[in-house]
Each structure stands twice: as structure tokens, then as C-alpha cells.
Amino acid sequence: MKREWKERAKRIGWGSVAIALTGSLLVGCQTNGGKQDGTSPSATTGAEARQKLTVAVTANPNVEDYETNYFTKMIENAMNVDLDFVVLPSNVNEAKTKLSLMISSGEKLPDIINFYLDSTTINDYANKGVIVKLDQYYKDSSLAVNFNKIPDKDYVFTKMKLSNGSVYSLPKYIPLDWNEGPNRAWINAEWMEKLKLKTPTTTDELYEVMKAFVDHDANGNGKKDEIGIIGSKDGWAQRPLVFLMNSFIEANPDRSFFYLKDGKVTPAFTQPEWKEGLEYMNKLVKEGLLSPLSFTQDQTQMKALINVKGGMAGVVASGSYSAFDPAQLENKMTLLAPVKGPKGVAYSPRNATLPDKLWLITKDAKNPELAFKVGDYLLGAGPSYVSRYGEKGVDWSDDPAIVAEYTGDFEKSEGIKAKYAVLKPQIWNNPQNKHWNQMAPGYLPQETAKETGTIKKGDTTATPVWQPIYNKLYVPYFPKNPISSFNFSPDELKKIANSKTTIDLYVNESAVAFITGNKPITQWENYIKELEKMGLADYIAASQAAYDRDK
């Protein structure tokens, strides 16, 4: 029986970013006569009755129906199971609340929890025995078939461990340089060409270029309405503060602006270089080059502002090219490499790919071993393809005759021809019934991104492929020893909970205040003293312990 509150209408979970195809279609875990590549929803099964597995997911407007989904049918037939879905609200906080109520009320839990939970929640569920420890299944080579084929399996296993040293989930591990360094900036090449400007490589040169944009009617509308650089407060990597600060010091917002200095976890936001970066950005604001709207507008408002005929901004901070409307800008925005500051440094903050923790098996699972086997099946090459690109032969293909019609994304830059073709890239950002929008365990190696073709030969309307350009302009600026993660223990989180939240907020609010001039830079020493009062020393100590545990 379906749950009474289970939705049968449109569903889904979380969006993801574009990823690479994998090299091999062979799936190590096959059962009951399923097709070898593991991508067919019509594989034959044995005569035995299918076992039911209930899976908690979150609703998603881009997944039409989990029950009839192509990916679902593929899993059911390949593994001889019947998947029954408990669909929680699309908002992750609401979903967590719903799940928490189920646990506290003693309601029987689904066999599997398959959506993103934060580390604190997973730690709590593990300590309370809500979810099952999976170490023993990983050690069984007959169960962890596809996991053991991952070249970086030791790294993945380590990064999935909780602070107690055990693993309670299966991974979605899709390393890709493009996703590891999202803090990018784009510059208006049309304006550059019109004003006969050279691409800036330093903060001083960037200042001069933006000044020319603003002072010389770069968009040609007869008004002084041009913006030097702009971003938003909430879009994906759309904070100009991050791009510009990394010309002075390694500053990664995803690590709370901590970095490694002589092997020690150090707050960038207390260093002299951070202060220099704030002073530079304050200068840009004072001269009308850095728009203060960057700190108050959302991504929708930014997009509406910059996508007018002729353009409004010379430089835009954004992790994705989707911020721009090609019809208005005619693809004239191009990637701007990190610029060097007065001390000759430039960084592109790197977040080394960590495995997402999915497919948590609960204490109420009737057959946890089967639940694990299904999760491991999803780590195979074929299911991982389908999880991202949809149906083989319809949405993507490895047929040489079809692939020959596509230009490899890295063909021009590195001479690598495509082995795979993405036939329907639009399937990703629109409602579809082919996959779960990649909300499932999976593994696709980074190397095969270079063997992918996403643009059909002769198509002049397609958005440019930026990954090869990004690899050339940004990857060389990745820090040599970035902090990959902080694996806080529950006790550490409890100890620093208030100070961490307060300090993180204070650092960001103070940075904006210093940049916009609402707080004079003469208040720097008071700012440092306030951080110390908030418990900065304990925050640093806990972060060091969490880093040491996970490095």
C-alpha cells in the first residue's frame, strides 16, 4: 500500500551540475539476466517474487513521477525489487522536519533515506541508531562490487566516514574541475573590443578596464549607466567579494574563509592581506565601479539587470554562464582568469570533490543487505550514465555513427574526439521522466569529460563549451594544499555551535560594511577584538581537530 500522504503528482529533489560521461558501460553487479550495460528498464528477471524497498525522496519539479520513471524501472528490473517512494517536501529543511517527526513518533521508517542530509543530522541519526552502519557491507567484495571498481575508493571511503570512524551511506562521487572551482568572473569581450582594451591580468589593470567601461559609454546608449563589476548575494558563486579577495589571499567561502598557513588552519579574515582586499574593494565602490547591489540583490534581480540590450555590466561574478541571456549578449561574455594582486598572488578557491552521502539504510529496513546491493548497483557505469543523461539511444549515445555528428568538447583545445554524444542536453533543466535528477548514488570519472560531445557540428546557436577554457584559465590557480573538508565531531559542533554561527555571520557582514564604507577601515582592530570575544580561538582549535581527523 502506498503511504496516504505520498504524492503521485510531479516530484523531485535537487538539481545538480553538468558532469562527464564515463568510459565503460560495463556494470559489475548484474542480476537475473539484466542487460550488460545496466541501462535497460526491460531486463528480464527471475521467477521469484520481488522484494519491496521503500525509499524516502524529496519532491522535485523536474522529476515527473518516481513510480513510472525510466531510472526506477531500470533499477527494479535489474535488481528484481519493487521500489515504493515516500515523497517528502522539496524544501530540504521541511523534508528533514517531516523525517524527524516520523522518527520521534515511532512511525516505521522507509528502508532507505535518499536525499541530502547535513553532517550534524547524519551524526545524530547514527548515534541514535536510526541508520545502519555499513562498514561490513563495504568489506564484502561480493556486495560492494561497483564501489570496489572506483579508482579512488579509499579516498571516497575515508571522506564518507563520520567522526566515529564508520560509514553510514553510499556515495555520489562525480569529480569535475569545473565544479571544484566555481568562483568565476566573466568579462564583456564586446566592450573590450570596442574600447580597444587588453584583458586585465592584475588588480590595477582590472581597475583601469572597469573605469574605461564606466567612463566611455561602453554599451553605446548615450547614458552613464554601465557597471564595472556586479554579482548577487545568493546565486551560485556570484559574490564579487570572493573573486576579488583571492587576488590578495586564499579565501574560500565554502571553508568559512579558513585556509592552511604553514600546515595550520588559519582564518583568512584576520590577516593583513584580507584588510588590503577590503580596501581595494572599498575603492571600487567609492568610484562607482563595484555595484553595492551585489550585496543586496538576489540572482533573479541580477540577471534582469545585466541582460539588457547592449549589456549593463563589464564584469560579472557567476559560477555559471546561465546567468547571461545569449539572445541579448550574443555570447560576448567570456571567462576572465583570476587577476594578480599587489603581491603577485591569485587563487581560484578549490573545493576538492567530496562524495555526497546518500542512500542511508534505516533500522527498519527488512533486508539491509539487499538495500546496500541496490545502492552499489547504482555506482555502476550504466546506471550512473542514466542518472545524469537519461535513456541510452534516445538522450545520449555511444554509437560511432551518431557520435561522429558531434564535436568533442575538448577536441579544439586538446584534439580529443568524442566517444559519447549528449543528444538532449535540455533534459537536465526541464521536467522529465528519465531519471531522478542525479539524486542517487553514482560514479562518473572526471577523465571522460574530455571524450564527450555536447554540440552538434554546424550548430551556431549553442552556448559555448567553457570547461576546456576554464581548465586553462582557472585550474592553474587552484591552491596547492586546500582544505578539503572539516569532519567535526558532535561534541565539537556542540562546543562551537554558537561561536561558529556568530563568527561566520559577523565576518561576512563586516566585510560588506568595510567594502561599502558603512564601517570605516579604521575600525579594523575593533573588528579583530570582537572576533576574539566571540570565541575565535575555540573555533580555530575545533577546525584544526576536524581537519586533522579528515586529512
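All values below were derived from every heavy atom in this structure, side-chain atoms included, with hydrogens, water molecules and symmetry-related copies excluded. Just so you know, residue 1 is the first one in the sequence shown, and it goes up from there.
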Measuring from atom [atom1] of [X] to atom [atom2] of [Y], what distance do you get when rounded to the nearest 0.5 angstrom?
{"X": "D140", "Y": "K373", "atom1": "CG", "atom2": "NZ", "value": "9.5 Å"}
{"X": "T353", "Y": "D177", "atom1": "OG1", "atom2": "CG", "value": "8.0 Å"}
{"X": "N487", "Y": "Y547", "atom1": "CG", "atom2": "OH", "value": "13.0 Å"}
{"X": "H435", "Y": "Y389", "atom1": "NE2", "atom2": "OH", "value": "10.0 Å"}
{"X": "I361", "Y": "N114", "atom1": "CD1", "atom2": "CG", "value": "11.0 Å"}
{"X": "K417", "Y": "E411", "atom1": "NZ", "atom2": "CD", "value": "6.0 Å"}

Exercise: identify the closest heavy-atom pair between [X] and [Y]:
{"X": "Y470", "Y": "R184", "result": "CE1-NH1, 3.2 Å"}
{"X": "P349", "Y": "V242", "result": "CG-CG1, 4.4 Å"}
{"X": "T266", "Y": "K261", "result": "OG1-CB, 3.4 Å"}
{"X": "K161", "Y": "G165", "result": "CD-O, 3.6 Å"}

Would you indicate whether the side-chain heavy atoms of [Y] and [X] approach each other to under 4.5 Å?
{"X": "L88", "Y": "E94", "value": "no"}
{"X": "V57", "Y": "I113", "value": "no"}
{"X": "Y155", "Y": "M160", "value": "no"}
{"X": "F147", "Y": "P171", "value": "yes"}
{"X": "M439", "Y": "Y116", "value": "yes"}
{"X": "I503", "Y": "L536", "value": "yes"}
{"X": "I540", "Y": "K264", "value": "no"}
{"X": "I483", "Y": "N252", "value": "no"}

Whether [X] side chain and [Y] backbone form a donor-acceptor pair below 3.5 Å:
{"X": "T362", "Y": "P110", "answer": "yes"}
{"X": "Y321", "Y": "V465", "answer": "no"}
{"X": "S348", "Y": "F478", "answer": "no"}
{"X": "D364", "Y": "L109", "answer": "yes"}
{"X": "Q544", "Y": "V265", "answer": "yes"}
{"X": "E76", "Y": "L83", "answer": "yes"}
{"X": "S100", "Y": "K96", "answer": "no"}

Would the number of heavy atoms belonging to other residues, nucleotides or ligands and lying under 6.0 Å from CG of N148 be above 12? yes

Count the heavy atoms of every other residue, nucleotide or ligand shown that sit under 6.0 Å from NZ of K457, and state whether that count exceeds 12. yes

Using the ring pair (Phe, Tyr, Trp, His ring centres under 6.0 Å) criterion, which residues pair with [X]? Sequence neighbours excluded.
{"X": "Y168", "result": "none"}
{"X": "F486", "result": "F488"}
{"X": "F71", "result": "W436"}
{"X": "Y125", "result": "none"}

So, using salt bridge (charged side-chain N to carboxylate O under 4.0 Å, His left out) as the criterion, who are the partners of K366 when residues are at least two apart? none

Across all chains, not counting sequence neighbours, the salt bridge (charged side-chain N to carboxylate O under 4.0 Å, His left out) partners of D124 are K128

Kindly indicate, with the supporting measurements, whether the criterion side chain to side chain donor-acceptor pair (under 3.5 Å) is fulfilled by D409 and T452. CA-CA 6 Å; D409 291 354; T452 304; 5.6 Å; no

Assign the ring pair F157 / Y138 to parallel, tilted or perpendicular, where the plane angle (0 to 90°) is split at 30° and 60°. perpendicular

Evaluation steps, salt bridge (charged side-chain N to carboxylate O under 4.0 Å, His left out), between D111 and K52: CA-CA 9 Å; D111 297 293; K52 179 179 289 187; over 6 Å; no

Under the side-chain contact (heavy atoms from CB on, under 4.5 Å) test, residues paired with D262 that sit two or more places apart: none

The side-chain contact (heavy atoms from CB on, under 4.5 Å) partners of K412 (sequence neighbours excluded) come to none

[X]: side-chain hydrogen bond (donor to acceptor under 3.5 Å, both in side chains) partners, not counting sequence neighbours:
{"X": "K133", "result": "none"}
{"X": "N481", "result": "none"}
{"X": "S543", "result": "none"}

With salt bridge (charged side-chain N to carboxylate O under 4.0 Å, His left out) as the rule and sequence neighbours excluded, what pairs involving residues 491-500 come up? E492-R549, K500-D504

Salt bridge (charged side-chain N to carboxylate O under 4.0 Å, His left out), that's the test. Do K434 and D395 meet it? Break it down for me. CA-CA 9 Å; K434 295 297 183 69; D395 304 310; 2.9 Å; yes

Take D82 and R50 through the salt bridge (charged side-chain N to carboxylate O under 4.0 Å, His left out) test and state the conclusion after the steps. CA-CA 6 Å; D82 177 18; R50 291 185 174 186; over 6 Å; no

Using the ring centroid of each side chain, check whether F258 and Y539 are separated by less than 6.0 Å. yes

With N433 as reference, evaluate T72, N62, T68, D65 under the side-chain hydrogen bond (donor to acceptor under 3.5 Å, both in side chains) test and give the passing residue. T68

